[in-house]
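Report on the structure given below.
Only this structure's heavy atoms are used, side chains among them; waters, hydrogens and symmetry mates stay out. Every chain is numbered from 1 and lettered A, B, ... according to where its sequence line falls, protein lines coming before strand lines.
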Number of protein chains: 2
Amino acid sequence: MSPKRKPTEQPDHKQTRLKTTTIFKNRDGLGDYIKNPESFPPSVVLYYNDDFVAVHDRYPKSSLHILLLPRDRSKSCLHPFDAFEDTQFLAKVREEIKKLRRVAAAELRRMYGKSSVQEETRREAMDEDPPPDELPEGRDWQSELLCGIHASPSMNNLHIHIISVDRYSPCLKHRKHYNSFATPFFIDLADFPLADDDVRRHPGREGYMQRDLKCWRCGMNFGNKFTRLKDHLEQEYEKWKVL
Amino acid sequence: MSPKRKPTEQPDHKQTRLKTTTIFKNRDGLGDYIKNPESFPPSVVLYYNDDFVAVHDRYPKSSLHILLLPRDRSKSCLHPFDAFEDTQFLAKVREEIKKLRRVAAAELRRMYGKSSVQEETRREAMDEDPPPDELPEGRDWQSELLCGIHASPSMNNLHIHIISVDRYSPCLKHRKHYNSFATPFFIDLADFPLADDDVRRHPGREGYMQRDLKCWRCGMNFGNKFTRLKDHLEQEYEKWKVL
DNA sequence: TATTCCGATAGTGAC
DNA sequence: GTCACTATCGGAATGAG
């Protein structure tokens with residue numbers, strides 16, 4: 001009955017900005033972290049400094065899901081497409097992400113190292129008495145991480161996601177949750193700055209969120225059967241974590 | 001993903017017949033009534049004779065919802081459009097419905113007579129000692145009944161609905177329930193035999209079930225808001241029954 | 001357009 | 001595309017010795 005809104009020529013993210021003003025406090029839920037990082041327990045805030053806060057996502061969409069929040073208010077209020085136009089800022093974020101990836105990788109080792117076969121020789125070396133000067137590398141946990149942003153963020157404060165690849169979490173509850181981390185809607189930080197004609201600037205037009213559900217690991221297509229995807233993700237998770 | 005089935009030139013009810021063969025026992029749920037009416041308690045079977053069984057609908061869509069079931073197997077297995085081509089049969093059904101309407105009206109009087117203002121003088125007369133020879137007519141409960149069939153029945157045994165106009169029942173659970181008794185999908189028995197070009201022969205094409213929800217009493221349009229219609233129907237019911 | 005169960009889809013409201 | 005809640009919409013199974 002209500003006709004579809006005719007798309008305009010404006011990039012998607014500009015339209016979104018206009019619609020999501022600060023009347024919605026719920027979309028400003030990350031603001032407290034950058035204003036008062038010290039008020040949160042270590043289980044929530046991994047660390048903070050003058051320029052960044054790293055927090056565990058309150059509704060993680062993978063078994064590990066961290067957010068890096070730039071504290072600069074003049075950047076935090078921008079869409080990532082615009083914020084990362086500033087190459088100096090982008091470089092600074094990349095520097096911090098480089099550190100945070102090591103932190104996140106260490107977290108994955110803590111979570112899964114005991115059961116991962118690729119950690120076996122490292123585990124054995126650590127158990128030696130005395131341990132050797134140099135430990136085997138073990139599993140490359142950094143390669144199990146994704147770092148990037150959503151083409152159309154719903155939280156107003158600029159945030160960069162660092163998630164493990166598993167997409168296994170009770171908070172992942174519907175198709176858009178999954179597709180926001182499993183389609184070009186998720187843009188790797190390495191892809192910035194974005195070309196002017198990059199199609200990912202128009203996530204709505206491209207229909208990323210409505211795409212068929214496809215397993216990140218084996219590519220199996222689940223159409224719109226989210227529940228079946230969820231079952232499958234659990235199976236893939238169990239296999240992935242012990243590699 | 002699955003393309004819409006192309007409609008054929010066949011009338012809707014012929015197509016339906018082909019699809020709903022007797023492999024679906026659930027669509028033959030009325031068969032026991034005409035085979036063994038004596039095996040049901042009076043709370044289920046109002047009465048039966050050699051040719052008809054009158055039962056309370058197991059899932060009533062109004063506060064009173066009765067089905068008249070012709071027992072003749074050669075008619076019971078037909079679509080009502082075809083069964084009522086036989087004018088002699090149609091006449092016999094009409095005769096029975098005439099009786100059943102009186103039974104149903106008496107039932108409505110039993111249900112609502114005590115609270116209906118139009119029954120007031122009749123109630124007072126009955127309470128006199130001795131009662132007068134002739135009671136006031138009271139409310140015309142027959143005018144609160146609808147008698148007819150569905151343009152595309154889902155139960156295979158031929159059945160004629162006798163329902164009170166209120167459409168107030170916990171079993172009325174979705175749009176199609178309501179629209180099957182509030183659009184031309186419901187065809188009054190008086191309208192038979194149907195003209196060859198009667199549009200109601202093509203209920204699917206006409207989209208009766210997908211129509212906006214409109215109150216039978218005040219005409220208010222509820223679009224697809226079934227729950228709001230339900231609330232409204234309760235209000236209308238409370239006003240209607242005390243008229 | 002039989003019911004029932006399950007699940008996918010859609011709109012809202014949140015201060 | 002934040003969550004959480006409600007409700008609408010959509011498919012599949014339904015029995016049976």
Side-chain angles (χ1 to χ4, degrees), chain A residues 2 12-13 15-16 19-20 22-31 57-59 61 67 79-80 149-157 159 161 171 173-187 203-204 206-211 213 222-230, chain B residues 2 12-13 15-16 19-20 22-31 57-59 61 67 79-80 149-157 159 161 171 173-187 200 202-204 206-211 213 222-230:
Chain A
S2 62
D12 287 5
H13 81 276
Q15 296 178 52
T16 304
K19 282 184 288 185
T20 62
T22 51
I23 52 171
F24 299 110
K25 177 157 193 305
N26 42 295
R27 299 204 174 197
D28 294 322
L30 301 177
D57 193 298
R58 185 173 171 181
Y59 302 97
K61 306 305 188 295
L67 302 178
H79 190 285
I149 56 91
H150 281 164
S152 184
S154 277
M155 299 299 271
N156 287 334
N157 293 283
H159 53 286
H161 298 270
C171 297
K173 292 182 176 178
H174 51 67
R175 184 208 296 244
K176 289 180 175 178
H177 281 157
Y178 184 77
N179 277 349
S180 74
F181 289 104
T183 69
F185 189 88
F186 186 83
I187 307 177
E206 298 296 316
Y208 298 133
M209 297 318 233
Q210 283 68 40
R211 281 192 181 178
L213 296 162
F222 292 84
N224 66 346
K225 305 303 181 196
F226 181 78
T227 301
R228 290 182 201 168
L229 170 71
K230 282 284 284 183
Chain B
S2 63
D12 287 5
H13 83 275
Q15 295 179 53
T16 304
K19 282 184 289 186
T20 62
T22 50
I23 53 171
F24 298 111
K25 179 157 192 307
N26 43 294
R27 300 206 175 195
D28 294 323
L30 301 176
D57 193 298
R58 186 173 171 180
Y59 302 97
K61 306 306 187 296
L67 303 178
H79 190 284
I149 55 92
H150 281 164
S152 183
S154 277
M155 298 300 269
N156 287 333
N157 293 284
H159 53 287
H161 298 270
C171 297
K173 292 181 175 176
H174 52 66
R175 184 209 296 244
K176 290 179 177 178
H177 281 157
Y178 184 77
N179 277 350
S180 75
F181 289 103
T183 69
F185 189 89
F186 185 84
I187 307 178
R200 293 172 292 182
H202 307 272
E206 298 297 316
Y208 298 133
M209 296 319 236
Q210 283 66 40
R211 282 192 181 177
L213 296 161
F222 292 84
N224 66 346
K225 304 304 181 198
F226 180 78
T227 301
R228 290 184 200 165
L229 170 71
K230 283 282 284 182

By nearest atom, which of the nucleotides [options] is closest to the [X] side chain?
| X | options | answer |
| --- | --- | --- |
| M155(A) | dG1(D), dT2(D), dT9(C) | dT2(D) |
| K225(B) | dT1(C), dT8(D), dG7(C) | dT8(D) |
| M209(A) | dT3(C), dT8(D), dG1(D) | dG1(D) |
| N26(A) | dG7(C), dA14(C), dT9(C) | dA14(C) |
| S152(A) | dA4(D), dG1(D), dT3(C) | dG1(D) |

*Using the P atom in both, what is the distance from dT3(C) to dG15(D), to the nearest Å?*
16 Å
*How far does the P atom of dT6(D) sit from the matching atom of dC15(C), given to the nearest Å?*
15 Å
Measure the spacing between [atom1] of [X] and [atom2] of [Y] and express it to the nearest 0.5 Å.
| X | Y | atom1 | atom2 | result |
| --- | --- | --- | --- | --- |
| H150(B) | T183(B) | NE2 | OG1 | 8.0 Å |
| K61(A) | C171(A) | NZ | SG | 6.0 Å |
| R58(B) | L67(B) | CZ | CG | 12.5 Å |
| K225(B) | L213(B) | NZ | CG | 10.5 Å |

Send over the distance from [X] [atom1] to [N] [atom2], rounded to a whole Å.
| X | N | atom1 | atom2 | answer |
| --- | --- | --- | --- | --- |
| E206(A) | dG1(D) | CD | C1' | 15 Å |
| L213(B) | dC9(D) | CG | P | 8 Å |
| N179(B) | dC9(D) | CG | C1' | 14 Å |
| F226(B) | dC9(D) | CZ | C1' | 13 Å |
| R228(B) | dA7(D) | CZ | C1' | 10 Å |
| K176(B) | dG11(D) | NZ | P | 9 Å |
| Q210(A) | dA10(C) | CD | C1' | 12 Å |
| K173(B) | dT6(D) | NZ | P | 18 Å |

*Taking any strand in view, what nucleotide pairs with dT12(C) in a Watson-Crick or G-U wobble way, both distances under 3.5 Å?*
dA4(D)
OP1 or OP2 of [N] sitting under 4.0 Å from any side-chain N/O of [X]?
| X | N | result |
| --- | --- | --- |
| T227(B) | dT6(D) | no |
| R175(B) | dT8(D) | no |
| H177(A) | dT2(D) | no |
| H174(A) | dG7(C) | no |

*Is the closest side-chain heavy-atom distance between F185(A) and N179(A) below 4.5 Å?*
no
*asked:* Can you classify the ring geometry of H159(B) versus H161(B) as parallel (below 30°), tilted (30 to 60°) or perpendicular (above 60°)?
replied: perpendicular
Assign [X] to base, sugar-phosphate, or nothing according to its heavy-atom contacts below 4.0 angstrom with the strands shown.
| X | value |
| --- | --- |
| K61(A) | sugar-phosphate |
| Y208(B) | nothing |
| R58(B) | nothing |

